Amino acid sequence: MRNSISVVLVICVLLSSCSVNKYVPAGQSLYVGNNVKVNPDSITRPNVSGLDSQLEGIVKPAPNKTLFGFPYKVWFYYFIGEPKDEGGLRSWFRKKLGEPPKFATQRVIDINAANMVSYLDNEGYYRSSVKGKLVESKKKKRRTAVSEYEAYVMPRYVINEVNYVVRDSSLFNRDLVLSKKDTYLKKGDPVRLDVISSERSRIDKELKGKGYYYFNPDYLIMKVDSTIGKADSTLAPQQVNLYLEVKPETAQTSLKQYFINGIYVNTGTEENLSADSVVSRGPVRRGINITDPGKLYRRRIFYDAIGFRRGNMYTNTMHDVSLSRLVNLQNFKFVKNRFELVPRSDSALLNVYYDLAPLKKKSLQTVISASTKSNNLGGSQLDVTWRNRNMFKGAEMLSINAYFGFDVQLGGNREVNPNKIGNEYIRYGARADLSFPRFIIPFYKVRPEKSQSLPKTVVSLIYENRVQTGFFTTTSIRGDYSYVWRKNSEVEHTLTPISLNYITPSRINWERVDDIIFSANTNPLDVERYLRILETKYFIAGSNYSISYRPTPRPFSRNQFAVTGGIDYGGNLLSLFSPKNKVDSLPKEFFGVPIFQYVKVDGDVRYYRTVTPGLKWATRLIVGAIKPYGNSVNTQTPLFKQYFGGGSNGIRAFRARALGPGAYPPDTASIRLLGYQSFADIRLELNTELRMKFTNIINGAVFVDAGNIWSFGDSTRSGYDTRALIGNGFLKQVAVGGGIGLRLDFSYLIFRLDLATPFRKPWYTQLPETDLPEGQVKYKNPWVFNEINFGSKAWRKENLILNIAVGLPF
C-alpha cells in the first residue's frame, strides 16, 4: 500500500515539474474550468434552487481536464506529438491519454452568457441577465484561466390560461379546439419552451389521428401575453396568457382530411420485377393489391398485418401499427412505407405503398454468452439455433435451439459449504418453438383494422436436464400451447391454456445421499424433504395467464410504473379423469406418475421517480404464493415451482437460497451437506434504492431490501418445522438488509456490484439468549445493528455479501 502511494506521489511530482507553457501561444491561456453564480432578484426573491447546475451544463466547450491544477491531458497530447499515421499506435495513445488544448477567450464566454439568457427565457425567467468574464490563474507559470458567470434571475412566469384561437367553425378548427382536452399546458405551471414544443407535437399527433396527413407542428404558433397583470390587478404580476393559433400562411392541403384510396404491397425488389416476365398478382381484396414475384407468401398475412382499408380515413395510429406488425413478422430485412396523393386537383385520397425485402428462409446462429441470475449463479452457455421463417408461407417461424451451459455460485461461503453442493450446476437440453402470427382458434377471426397488434399462437416443446453437480439430475419435458396478444402498446396478455410438464429425478449419487441420511448432524426433516425430492416424479397438466401493464409516462412526468401479474393452476382435468389411488393418503396418478394439483398467483409492482436528472428512486413490491390442494393437499411442492429468498436481484444482504423459510435458522451442518437449499410456498419482498449518476459510465446506489419466504401446511408436508410455517405473526419474521452499489453503464450492458449486510435476521425471533439465568427464556433482538463490526474478519465473512451481476436488479 505504501509503495502504491509513493508511486502516485512520484508521478504527481513529475507531472507538476513538467510544463505546457512552451506549447501555449503567447497571449493565450488554457481553459481549465468554469463557475456559475446565480443571484435571485432582491425584491421578489424567486426560487433558484438547482439553477446554477442547469446553467453550468450549458457551458460549451468542456474545459481541459486537470489534476491538482495541472492540465495533464494537454501535456500528454503535446508530449506524444503529432503521429505520422492516423491509424497507428502513437495516434491511439494520443487519443486515449491526451486531449487537444482549449484556449480561453472572451468571445466564447459572451456566447455562453447569451445562451444562458436564452435558456432562462425558455424556462420562463423573463428579463433575466447573465454576465461572464475571464479570470486568469494567479500563478502566472500555469498560464490557465477559468470562466466565471453571474446570472441575475428575475421571477419565473407561470400560466394563467391557454386559449386556442380559430377564425371560423370549419371541421379542422373544431378538431383543433377539441384537442385542447389533453393539453400539457396547465394553469400554474411555469412557461417552458420544451413543454410548448411538446404541446405542438401532441396536437399534431392528435390531428393526424383524424386524417390530417399533411399537417405539421411547425404550422402552429404560440403567443405569450405577459402584460395581463398590468391590465388586471387581481392577477399576480408574473402570470401570462397563452394563445395558440395556426399560422396564416399554412396551405389548405394541410388542413384537409385524407382517406385511403389504394394499398399496394410489393414483396420483391425492382430487379425481381424486371427479371420475371410474369408477375404474381392476385385479386384485389379489401383494397389491397399484392405483388409477390416469388410466390412466397399467402395473401392473408398482409390482410391481417395492414390495417388500412379502401375508403377508411388515414390515421397515424393505423400507420404506425401496420408498420409495426409487418416488422414484427420477422420475415423482412426492411419495410418501406410511403403515401402518395392521388393526382387530382381536389383530391383528398392517398395511395399507400409497402415495399418489403424478404429475409433468407433458413438461418443458423451460434451464441456464446455469460450471465448472472437472481439466485447468485453465474456462468456461460453455448446456444445453437436453427430458424425456418415463413415455414407454411404464412409468416410462421420454426425455431429449434440446443444448448449447453454451466453455473457456479457467486458470493457463496466456501468455508460453510466446502463441497459446493447446491452451488454448481450443469444444464443442457433442446427447445422447439413454432409461432403463428394469428390466433389459431376455431370460429374466431381478428379484425386488423381494430386491434393494435397481431396476436401470436406459439407451440413449444422443451427438454432439459439440470445436473446438480455431485448430487442428482432433474429431467424436465414440457409442452406448451400459448396465445400472446396486445390490446395496445401498454398492455400485453399471455394465455397458456395447455401446459404439460413431466419431471423426474435421475442419476442420483446415492453415496452422497447415504452421507446425508446417516450423518449425525443432519436434520431429520431435511432427510425426509430430500428423499421426497429424489424419489418423487411429477406430472403437471395446467394452464396459466399473465398480464403486463406498462403505461407510457406523460411528457416531463417524473413518475413511471409497471405492473405484472399472473395465475398458474393445474391438475384439475387430469385429476377429474384419473382413478382414485388405492391408498387414500396418496395422490391420484397418471400412468403411474402422481398428478400435482395446485394454484399459483404472482404479482410485481414497480415504481420509478426521477428526483433530479442525476438521481432516481426505484421501488419494487413482489408477492407470490403457490397452494397445493385437492389431490395434492399433502404433497410437497416441487422445487421449480417454489420461491427462494436472497440473491443479486432479491434481498441482497442474504445469499441466494440461504434465507428462511420464516424464522428457520441457517443450519451450518445442513448447508455443508446440502448447500443453500431454502425453498418455500409464499414470497413477500420489497426493494427500494436511490440511483445516483456520477458520470456517463459510473453510477452508484444506496438500497434497502426487506422480505422473506414461508411454507403452507404442516411440517410433514413442507419438510420444515413450525418456525418455517406462515402464521399470524409472519410480519415479525421479515428480514431486512441494505447496502451500497456501484454500476458501470456501458450502454450495451450494465455491470453491477452491490455490497450488502443484514439489518434484521428473522431467525433471531426464535433464538434464545444464552447469558440468562436458568429457567428464563428471552429471544434475541432481530435487529442486528449492535453486531456490526467491520474490524472483525469473522463478521465480515459472514455478513458482508458481495453481489456481482449484469443489469439492474429491477
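Treat the numbers as computed from the prediction; the structure is a model and nothing was measured.
Side chains of Thr183 and Glu199: a donor on one and an acceptor on the other come within 3.5 Å. A donor and an acceptor atom, one from each side chain of Asn331 and Arg389, are nowhere located under 3.5 Å apart. Side chains of Lys187 and Asn160: a donor on one and an acceptor on the other come within 3.5 Å. No side-chain N or O of Asn34 forms a donor-acceptor pair with one of Glu148 less than 3.5 Å apart. Using a 3.5 Å distance cut-off with no hydrogens or angles, the side chains of Asp175 and Tyr212 do pair a donor with an acceptor. Between Thr44 and Asp41, the side chains place a donor N or O and an acceptor N or O closer than 3.5 Å (distance only, hydrogens not considered). Using a 3.5 Å distance cut-off with no hydrogens or angles, the side chains of Ser118 and Asn115 do not pair a donor with an acceptor. With 3.5 Å as the limit, one finds a donor-acceptor pair spanning the side chains of Ser170 and Asp168. There is no side-chain donor-acceptor pair under 3.5 Å between Asn266 and Thr291. With hydrogens and angles left out, the side-chain atoms of Asp225 and Thr227 include a donor and acceptor closer than 3.5 Å.
Taking CD1 of Ile203 as the reference point, atom OG of Ser198 lies at 11.0 Å (rounded to 0.5 Å). In this structure, CZ on Arg309 lies 7.0 Å from CD1 on Ile263, to the nearest 0.5 angstrom. Atoms OH and CG, from Tyr243 and Asn241 in turn, are 4.0 Å apart once rounded to the nearest 0.5 Å. The distance from atom CG of Leu178 to atom CG of Leu207, rounded to the nearest 0.5 Å, is 10.0 Å. Distance OH/Tyr264 to CG/Asn351: 4.5 Å, rounded to 0.5 Å. We find the OG-CG distance between Ser147 and Asn35 to be 8.5 Å, quoted to the nearest 0.5 Å.
Looking at Arg192 and Glu123, a side-chain N of the basic residue comes within less than 4.0 Å of a carboxylate O on the acidic one, giving a salt bridge. For Lys208 and Glu206, the salt-bridge test fails: no basic side-chain N is under 4.0 Å from an acidic carboxylate O. Between Arg200 and Asp218, at least one side-chain N (NZ, or NE/NH1/NH2) sits under 4.0 Å from a carboxylate O, which counts as a salt bridge. A salt bridge links Lys223 with Glu245: the closest approach of a Lys/Arg side-chain nitrogen to an acidic carboxylate oxygen falls below 4.0 angstrom. A salt bridge is defined here as a Lys NZ or Arg NE, NH1 or NH2 lying under 4.0 Å from an Asp or Glu carboxylate O, and Asp745 with Lys693 fails to meet this definition. Ionic pairing of Glu492 and Lys456 is not present here: no N-O contact between side-chain nitrogen and carboxylate oxygen is shorter than 4.0 angstrom.
Proximity of the aromatic rings of Phe103 and Tyr31 is defined here by a centroid distance below 6.0 angstrom, and this criterion is not met. The distance between the ring centers of Tyr213 and Phe339 falls below 6.0 angstrom. Taking the six-membered ring for Trp, Tyr157 and Tyr126 have ring centres closer than 6.0 Å.
Side-chain atoms of Gln257 and Met313, non-hydrogen and from C-beta on, do get closer than 4.5 Å to each other. Residues Val195 and Leu193 fail the side-chain proximity criterion, which asks for heavy atoms closer than 4.5 Å. In this structure, the side chains of Gln239 and Glu161 stay at 4.5 Å or more apart for every pair of heavy atoms. In this structure, the side chains of Pro358 and Leu296 come closer than 4.5 Å at one or more pairs of heavy atoms. Between Thr619 and Glu689, the closest side-chain pair of non-hydrogen atoms is not below 4.5 Å. Under the 4.5 Å side-chain criterion, counting only non-hydrogen atoms from C-beta, Ile697 is in contact with Phe746. Under the 4.5 Å side-chain criterion, counting only non-hydrogen atoms from C-beta, Asp304 is in contact with Leu454. Arg300 has its side chain within reach of Arg438: a pair of non-hydrogen atoms, C-beta onward, lies under 4.5 Å apart.
Among all heavy-atom pairs drawn from Tyr608 and Ala618, the shortest one is CD2-CB, 3.6 Å. Of all heavy-atom pairs spanning Thr564 and Arg550, the tightest one is CG2-NH2, 4.2 Å. Of all heavy-atom pairs between Tyr219 and Tyr214, the closest is CE1-O, 3.6 Å. The two residues Leu356 and Val265 have their closest heavy-atom pair at CD1-CG1, 3.9 Å. Closest heavy-atom contact between Thr457 and Ile440: OG1-N, 3.1 Å. Between Leu341 and Leu349, the shortest heavy-atom distance links the atoms CD1-O, 3.4 Å.
No donor-acceptor pair closer than 3.5 Å links the side chain of Tyr607 to the backbone N or O of Asn559. Counting only distance, with no hydrogens or angles, the side chain of Ser128 and the backbone of Leu120 share no donor-acceptor pair below 3.5 Å. Using a distance-only test at 3.5 Å, with no hydrogens or angles considered, a donor-acceptor pair links the side chain of Thr250 to the main chain of Lys247. A donor-acceptor distance shorter than 3.5 angstrom exists from the side chain of Glu396 to the backbone of Gly394, with no hydrogens or angles considered. In this structure, the side chain of Glu150 does not engage the main chain of Lys133 through any donor-acceptor pair within 3.5 Å.
More than 12 non-hydrogen atoms from other residues, nucleotides or ligands lie less than 6.0 angstrom from NZ of Lys186. Atom CD1 of Ile43 is surrounded by 12 or fewer heavy atoms from other residues, nucleotides or ligands within 6.0 Å. Shown here is Lys333, whose NZ atom has no more than 12 heavy atoms of other residues, nucleotides or ligands within 6.0 Å.
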*Quick one: do Tyr353 and Asn337 satisfy side chain to side chain donor-acceptor pair (under 3.5 Å)? Show the steps, please.*
CA-CA 6 Å; Tyr353 296 87; Asn337 175 219; over 6 Å; no
*Output, in order, the C-alpha distance, side-chain angles, deciding distance and verdict of side chain to side chain contact (heavy atoms under 4.5 Å, CB included) for Tyr314 and Ile260.*
CA-CA 6 Å; Tyr314 164 85; Ile260 302 302; 4.3 Å; yes
_Leu244/Leu185 under side chain to side chain contact (heavy atoms under 4.5 Å, CB included): CA gap, chis, key distance, verdict_ = CA-CA 11 Å; Leu244 183 139; Leu185 303 170; 5.9 Å; no
*Can you check salt bridge (charged side-chain N to carboxylate O under 4.0 Å, His left out) on Asp355 and Arg338, steps first, answer last?*
CA-CA 9 Å; Asp355 296 316; Arg338 69 183 189 278; 2.8 Å; yes
*Passes side chain to side chain contact (heavy atoms under 4.5 Å, CB included), Arg609 versus Lys616? Steps please.*
CA-CA 6 Å; Arg609 179 172 177 81; Lys616 194 172 186 177; over 6 Å; no
*For Asp604 and Val563, what are the C-alpha separation, side-chain angles and deciding distance, and is it a side chain to side chain contact (heavy atoms under 4.5 Å, CB included)?*
CA-CA 6 Å; Asp604 185 320; Val563 180; over 6 Å; no
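Under the 6.0 Å distance and 45° angle rule, Arg202 counts as a cation-pi partner of Tyr184. Taking the centre and axis of the six-membered ring of Phe703, the NZ or CZ atom of Arg620 falls outside the cone set by 45° and 6.0 Å.
Ring geometry, Trp485 versus Tyr545: the interplanar angle falls from 30° to 60°, so the pair is classed tilted. Aromatic ring orientation, Tyr297 versus Phe302: perpendicular (interplanar angle above 60°, classes split at 30° and 60°).
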